[in-house]
Amino acid sequence: MITIASCILFLAFYSLYYTSKRVSLSYNIGFEKWMKKNPNQTKITGIMLLVTAYFVWISATAVVVGSLLFVIALMTIGSLIVVLKPLRIIPAKTIFFLFSIMGILEIYYS
């Protein structure tokens with residue numbers, strides 16, 4: 001459940017990051033083209049995903065702990081996106097692979 005929340009949080013921050021005016025845009029993935037054409041819908045989608053991730057964190061843990069973990073995960077994922085996306089170090093396949101490994105480990109150890 002925490003892996004799902006982290007993945008949703010990643011997508012939310014990425015979509016909100018991609019609507020910024022200062023971002024150097026690249027069109028490696030198909031939904032990046034859609035985000036560029038529809039910035040208002042992308043912002044709405046990003047905020048909805050952010051709220052969804054928050055409620056998933058809360059449902060996975062208690063209210064206070066979920067809020068704290070949400071803020072910590074948001075800061076971690078946000079800083080990684082802001083630092084690593086412009087450098088184009090990590091491709092989308094690697095991110096998908098990492099979230100898959102996290103999901104498998106979470107299922108195995110729960």
Side-chain angles (χ1 to χ4, degrees):
M1 191 91 159
I2 301 224
T3 304
I4 294 169
S6 298
C7 187
I8 293 171
L9 185 63
F10 174 81
L11 291 173
F13 192 88
Y14 186 76
S15 64
L16 291 173
Y17 169 76
Y18 211 81
T19 59
S20 174
K21 302 277 188 224
R22 294 183 177 190
V23 174
S24 61
L25 303 175
S26 64
Y27 299 111
N28 297 336
I29 305 172
F31 73 90
E32 290 178 349
K33 293 178 186 176
W34 180 84
M35 288 192 297
K36 176 63 178 168
K37 291 179 185 175
N38 305 312
N40 290 333
Q41 291 176 346
T42 303
K43 287 180 185 178
I44 292 170
T45 304
I47 291 171
M48 287 175 38
L49 285 172
L50 202 62
V51 170
T52 303
Y54 179 67
F55 284 118
V56 171
W57 275 100
I58 287 177
S59 68
T61 58
V63 175
V64 176
V65 175
S67 299
L68 179 66
L69 289 176
F70 174 79
V71 170
I72 291 171
L74 180 64
M75 288 188 300
T76 304
I77 290 173
S79 63
L80 286 174
I81 288 175
V82 168
V83 170
L84 297 178
K85 176 63 178 159
L87 299 175
R88 295 186 180 109
I89 293 175
I90 301 176
K93 291 179 183 179
T94 306
I95 294 170
F96 178 74
F97 178 73
L98 289 174
F99 277 118
S100 300
I101 294 296
M102 283 176 28
I104 290 168
L105 289 174
E106 182 180 0
I107 290 170
Y108 181 73
Y109 286 111
S110 64

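Remark: Phe13 pairs with no residue by the ring-ring contact (aromatic ring centres under 6.0 Å, His included) rule, at least two apart or across chains. Remark: Phe99 engages Phe10 in a ring-ring contact (aromatic ring centres under 6.0 Å, His included) (not counting sequence neighbours). Among residues two or more places apart in sequence or in another chain, the side-chain contact (heavy atoms from CB on, under 4.5 Å) test is passed with Ile101 by Phe97, Leu105.
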Apply side chain to side chain contact (heavy atoms under 4.5 Å, CB included) to Ile81 and Ile77, showing your working. CA-CA 6 Å; Ile81 288 175; Ile77 290 173; 3.9 Å; yes

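For Lys85 and Tyr18, the side-chain atoms include no donor-acceptor pair closer than 3.5 Å.
Grouping the Ile, Leu, Val, Met, Phe, Trp and Tyr side chains by contacts below 4.5 angstrom, directly or via other members, places Val82 with Leu11. Taking hydrophobic clusters as Ile, Leu, Val, Met, Phe, Trp and Tyr residues chained together by side-chain heavy-atom distances below 4.5 Å, Met35 does not share a cluster with Met48. Linking ILVMFWY residues whenever their side-chain heavy atoms come closer than 4.5 Å, directly or via other members, places Phe70 and Val63 in the same cluster. No chain of hydrophobic side-chain contacts below 4.5 Å, direct or via other Ile, Leu, Val, Met, Phe, Trp or Tyr residues, connects Tyr54 to Val64. The cluster map of Ile, Leu, Val, Met, Phe, Trp and Tyr, joined by side-chain heavy atoms under 4.5 Å apart, puts Ile47 and Leu9 in the same cluster.
The structure places CG of Leu16 at 8.5 Å from CG of Leu49, a figure rounded to the nearest 0.5 Å. Distance check, rounded to the nearest 0.5 Å: CG of Leu84 to OG of Ser79 gives 8.5 Å. For the atom pair Ile8 CD1 and Thr3 OG1, the distance stands at 11.0 Å (nearest 0.5 Å). Atoms CD1 and OG, from Ile104 and Ser100 in turn, are 6.0 Å apart once rounded to the nearest 0.5 Å. Summarising the geometry, atom CD1 belonging to Ile95 is positioned 7.5 Å from atom OH belonging to Tyr14; distances are rounded to the nearest 0.5 Å. Note that OG1 of Thr76 is 10.5 Å distant from CG of Leu69, once rounded to the nearest 0.5 Å.
Between Glu106 and Met1, the shortest heavy-atom distance links the atoms OE2-N, 2.5 Å. Heavy-atom minimum distance, Gly46 versus Ser15: CA-OG, 3.2 Å.
Formation of a donor-acceptor pair under 3.5 Å by the Ser59 side chain with backbone atoms of Val56 is found in this model. One N or O on the side chain of Thr61 and one on the backbone of Trp57 form a donor-acceptor pair closer than 3.5 Å.
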